[in-house]
Structure formats: structure tokens, C-alpha cells
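Each chain gets a letter, A, B and so on, in the order its sequence line appears, and its residues count up from 1. Keep in mind it's a predicted model, so treat the numbers as computed, not measured. Computed over heavy atoms, backbone and side chain alike; hydrogens, waters and symmetry mates excluded.
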Amino acid sequence: MSLVATERSGFGRSGLTRAAAVMAAFAVLSALMVADLVTGPAGLSLDEVLRGLQDGPAGSDRRLATILWHLRMPQTLMAALVGSALGIAGLLMQTILANPLASPYTLGFSAAAGFGAALVILFGTALPVATWIGIPVAAFAATLIAAGLVQLVARYRGASPEMLVLAGIAVLFFFQSLQSLLQFMAAPEVLQQIVFWLFGSLLKATWTSVKVLTAILLLTLPFVLREVWSLTALRLGDGNAASLGLDVAALRRRVLVMVALLTAGAVSFTGTIGFVGLIAPHVGRALVGEDHRFGLPMAGIMGSIVLVAASVTGKILSPGAVIPVGIITAVAGIPMLLGVILMKGRT
Amino acid sequence: MILREFRVWAGRRCLLDIPGLELPSRGLVAVIGPNGAGKSTLLKALAGVIPHDGDKLLDEGWPVPSRIGYLPQDFTVSAAMTVAECVLLGRRERLGWWITAHDRAEVARVLARMDLSELAGARMDRLSGGQQQRVLLAQRLLRDPRLLILDEPTSALDLHHQLKVLSHLRQLSKERLVIAALHDLTLAGRFAERIVLIEGGTLGVAGAPGDVLQSVHLDHVYSIDSQIMADRCGAPVVIAHHAEEHQPVLSDRGAKRGTEPVREGSPDRT
């Protein structure tokens, strides 16, 4: 149920109230990001972090500047960016598939990314580029290929939610099988690298990955925000949306491209991070309702909050060897998912 | 409004074939016929939700898609939005980022007109089927449709609300053409100015209620034994005594007719 009270006219008290909820969530995210910068093996205090932030990357305290700006900052920013990309992609998927259990991974995109990464990890030495470039590029390309396959089915057999999910399941199994084949062929030490990539970790974050993902978000968001009313109308069901003059199949295909770009951008640098794209849209909807004008930003911010909180938790639980966030979100995601299911049952 | 050689295809199979049909540009037209006869197909094609062959002609031009209001049969809404928010989506194309005072006033006006002001803040997913149907009708009215098409608008309603909705549709039909698929033949006879009987994917008969609602037409199409009487206003009342053993004619045109249209170059239509 929406927590935003309604007045007699039947609209949420006003757009401003919902905008305020989005701003409040953003404030919580900012606080968590500072907490993420403070926690870590090097043991910086809040004062030191704030001083380091003021001094900038070229600050006089070289140790502080290096830890803060070269090690921690890319990871914190990456957590926020990946979280928001997965949160927004998750809400888009749940809306176009009319399914509360859909996530950016429902259509096999993460399996494809995993296959792309595993391919480069296995055969990377034979490639003319360094693996740190090759892995994200291959993961990104494989995700787009998976999205292309789903699009192909949608174009020829109609973009109904059932057809998209069936196509997605086929793509998922296809890339999972290929991934298993590569793992079977790999030597034990290479296998370990593949498995570590699949865990989903922020340790892979660099300023380059931050810049690329920021660019993808900036490129995609204007297109996503242009569709807010169409997406809200789609929540009324296909028949109703179509009779409001909406080309439902074309909208699904357009949104699918955006989901593919957001998911590819997120997973190609960090690996598979589960549950964020599933949980964030539910929490966002509970706070601001079905209106996608606020639902989309809220899902993005909630995704960031979940992932930054997971990052902080990972560092606190195991200060020496940071637990990959993918494991934290997967473990914490199950009770969260159960909570959402129970909450739904009650309403 | 004239339909000419109006056909709807599913691949190579012809689902609906109306050689010619003339409808008034205002008034309430009821579309009747047994299950599977092609009523919904006709309405969807008229609404532009599914493609069709042939011509649709109108004296003042066929309404642009945004001036056609179509309410499908399967309308259930499970989204947790309020009635007012749902109705607002009727203005989807004209909405900016922020909802203006004009948008709110338009929603309030149409809610009042549909007797829904009290429900403005209620959540759609908690309303009954009948209430949802009225809200969605209000949403379509927000678009000020030139042509309003409703697929069984009374199917989820009790008798009281059936009469209210049909009276309302009759009222609305003074300014526009309202086409509604109805199952209750007596209500169709009482409220509609014209009735179109669809039979096996084609036009059975069309005309004034008294001309269409006759045993000679109904017994054959519905496979019933019927008796037609008149109510106190003189409108026809259909009493079905019993159903015959054989099934009503369905819209599988190929099985019933030898002269059905076949798409050029198609060896078979299965």
C-alpha cells in the first residue's frame, strides 16, 4: 500500500509529497555512501574521510587521498550506480512483464554476461587486449546478444509477457549451458577466477567502470523518463493500455533495449548481483505508489541503498577479506523477498 | 458510418466477414450473438486494437484513434493506484511531468458525471468488478470519444447497475455513437436504437430492435425455442423456453460456408 496519503480529490497529497519521499531516500543513500567510505580495512575515521573529501584526489595527505579516492570512492560510487541501474531495470521488467517476480535477470541477461566473462577469462591470453578491458566488453556484448535473441522472438511471435518470459528462459538455459561447458573445460585456477567473477563484487570497480556506467545511465534515463505515463498506463493491463492508444508491443520492445543496456552496464563490471533488481522496485512502489514518475527514481535510489548497505555490511562482517556484495544481497535477499510476499498477502 | 467488405483475419483464417453494414453516427447500437460468433472481434477491429481489411466510412470522417474509446471485456486492474489516478491516465498523451489544476478539474468532472466522486481516493485493486468497470468507462470518457465501444459492459453488474449503466450509455449516445456488445437480449431491445446480430463470423441481421428480436432469427442463431412479448413500453421481451440440442453457429466460417473469402495465394486456410 502506498504510504502517501490521499486527499479527497483522490490524487496522492501532491506530487511534491512524493518528490519529498524521493529526496528523503536520496539523503539516506548519501549517508550510507559516507558510511561506506568510512568502513574498510584501513580504518579511517569519519573526520579523516570528510577531510579527504574536502581536499580532493590531489590532497596533501597522500595515504588518505589514495585510500579514499583511488580505492574506496570508485567502489562506493559503483555500488550506487549498479544498484540504481538494477533497481530501474527491475521496475521496468516488472512493469512490462506484468510480473512482480521479474528482475533484470529474468530473461537470461546475467547468464549471458557470465558466459561472456568466462569466455575471456578462459581464452583471454590469446586476445590482443588486456583482460580487464576484455572481460567487461565481452560480458556487455554477450548481454546484448541475449537481449537481441529475446527481441527476435518478440518481433516474430509477438511481445506478450508470456512469450518474452519463454524466450528469456530459453536464452537463460542456452547461456548457462555454454557457461557450464567453459567451466568444465577450464583448469582449476581459471575455474576459480570464473567463479569469483560470477559472485558479483565491487572490488572490480575502477574510475573507468564508474565513468562508463554513468554514461550508460545518462544515455538511457531520458528515454526511460519519456515513457513514464505509458508505463503507468501499462500497469492497467494490456487490454486497457492498448485501448488508451498505446502500442503495447512497441513499448515492450523499446523498454527491453533499455533494460538490456542498464543490465549489461551493471553486470559487466561487477558480475552477477542478485535480488537488488527484484527488491528495489517493491520497496519503491510501497513508498511512492504505481506512478512511474516517482517509482522509477525511487526504484533506482532503493537499489543503490540496498547495494551500498550490502557493501558496508560485507566490510564490517569480514574486515580482512571483504565478502563480495553479490553473496550479501543473495543471502539478505531471501528474507526480504519473503517479507514482500507476506506483505502482499496481507494487503 | 458504413462498413464495406470488412474482414478480420487470423493468419489465413477469416474470423469475421461483414459484407456491408450501415450504422447511425449517433445513438446506442447493441451487438448481439452467441458466444464465439465474432462480437468481440468486430468491436476490437472497429476500435483499431486488431487490424482489418475493407472500408470504414463515416460522413464526417472516421474518428482518429484518440477519439475512439474502447472498453475491453477483460478489464481487471490489479494496480495499487487510486480511482482518480486511474482516470487521469485517460489523458495520457496530454500529460506533462506535473499534474496541472486543469487535469485535476477534468478528472473531477468526469468522476462526478459517472457518480464516482465518493470513490476518487479508493484503490483500484480493492474495487469490485462492477466498480472497476465504471471507473474505466469514466477514464474513456475523459478522452471525449466520438465513438465509444464497449464489450459486454454489463457482464459484471447486478440488475440495478446494469440498468444504470445502460441508461447512462443511452444518455452518452446523444452526442456520439455508442456500440456495446450485450448478452441480455431484453435489455438490448429496451435500450438500443439499433441491434446488430452477429452469426458465425458474419452479419446475421441488423435493424430496429423489433425487427431483429424475432423468433425466426433468434431460434436459429442461438439454438433456442423463444417467444417474443412486449413490455409496458412496447419494447420486445425475449423469453427463451429451452435450448435445442444442436450448438449455436460459431465463427468458424470455413466449416459452415462454401463461399467464405480466401486470401489470395493461400492454398488452404487452416
- Proximal to chain B - members of residues 217-233 of chain A, heavy-atom separation under 4.5 Å: A:L225, A:V228, A:W229, A:S230, A:T232, A:A233
- Task: Just say parallel, tilted or perpendicular for the rings of A:F294 and B:W98, cut-offs at 30° and 60°.
- Result: tilted
- Message: Under a 4.5 Å cutoff for heavy-atom pairs, which residue among B:T76, B:I99, B:V77 has the most contacts with chain A?
- Response: B:I99
- Note on the structure: Sorted by chain and number, sequence neighbours left out, salt bridge (charged side-chain N to carboxylate O under 4.0 Å, His left out) with B:D158 holds for none
- Please say which of A:Q94, A:E290, A:H292 ends up in a side-chain hydrogen bond (donor to acceptor under 3.5 Å, both in side chains) with A:R285. A:Q94
- Message: I'd like to know if B:R94 and B:D103 make a salt bridge, using a cut-off of under 4.0 Å between side-chain N and carboxylate O.
- Response: no
- Do the charged groups of B:E93 and B:R143 touch, with an N to O distance under 4.0 Å? yes
- Query: Got a sec, which residues hit side-chain hydrogen bond (donor to acceptor under 3.5 Å, both in side chains) with A:R155, two or more places apart in sequence or on another chain?
  - Reply: none
Under a plain distance cut-off of 3.5 Å, with no hydrogens placed, do [Y] and [X] share a side-chain donor-acceptor pair?
X      : Y      : value
B:S40  : B:D151 : yes
A:S243 : B:R140 : yes
B:N35  : B:H183 : yes

- Could you name the residues of residues 128-138 of chain B that have a heavy atom within less than 4.5 Å of a heavy atom in chain A? B:L136
- Query: Is it the backbone or the side chain of B:L88 that comes under 4.5 Å from a heavy atom of chain A, or both, or neither?
  - Reply: side chain
- Message: If you count heavy atoms of other groups shown closer than 6.0 angstrom to NZ of B:K44, is the number above 12?
- Response: no
